[in-house]
Each structure stands twice: as C-alpha cells, then as structure tokens.
Amino acid sequence: MSELKSLGFGKTMEKKLRSVGINSAEELKEAGSRQAVLRLKELYPNICVVILYYLEAAVRGVGIKELDDDCILELKEWFGQL
C-alpha cells in the first residue's frame, strides 16, 4: 500500500484523512474524492471545496492544475449542495 504522503499531502491533511479511515493512497482511490470529503465534513465541518479539488487530483494521479474546467465546475456544484 502506498502511503498518503506519496500523494503530496501535508501532515495535517494526512492526519485528517487517517481520522476518517483513509490510511493509504489505495484507500483514497477506492473511496473517491467525494466520499472522502463527506467523511471529512463530518469531523471537520469547515472543510473547503479546494480540498475536494486536491483529493480529486490525487485520485486521478495528476496535479490540481491539471484538472480541467469542466471537472472543477462539476466538483464545485456538487460541493455547493452539501
């Protein structure tokens, strides 16, 4: 299993992901960015949409700047409905 730090997250985000049961890169990919954000919002209600972007980029194996505008818009709309 790949460690979360292999995805480029800082220690604080790694700790938060572990606190919601996501302990590896594989577990994040299995859960997906949206499920991960839902779990995070339960414990950290002030989490912002940018975290969703970073998680989605990690799941796709790309940098955040590589997410296309349609993807960002879709994620933003989904997050706005939470």
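The structure presented is a predicted model; accordingly, all values stated were derived computationally and were not measured. In what follows, every heavy atom counts, from backbone to side chain, and hydrogens, waters and symmetry copies are set aside.
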Let me check something: any side-chain donor-acceptor pairs from residues 52-59 under 3.5 Å, sequence neighbours excluded? List them with distances.
unit_1, atom_1, unit_2, atom_2, d
E56, OE1, S33, OG, 2.5
E56, OE2, R60, NE, 2.6
E56, OE2, R60, NH2, 3.3

When the side chains of residues 67-82 are checked against the rest of the protein, which donor-acceptor pairs come out under 3.5 Å, sequence neighbours left out?
unit_1, atom_1, unit_2, atom_2, d
D68, OD1, D70, N, 3.1
D68, OD1, C71, N, 2.7
E74, OE2, R34, NH2, 2.7

Residues 39-50, side-chain donor-acceptor partners within the protein, below 3.5 Å, at least two apart:
unit_1, atom_1, unit_2, atom_2, d
R39, NH1, V20, O, 3.2
K41, NZ, P45, O, 3.0
Y44, OH, S19, OG, 3.0

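For the atom pair E27 CD and Q35 CD, the distance stands at 12.5 Å (nearest 0.5 Å). Residue E14 holds its CD atom at 12.5 Å from CD1 of I22, rounded to the nearest 0.5 Å.
Side chains of M13 and I51 form a contact here, defined as non-hydrogen atoms less than 4.5 Å apart.
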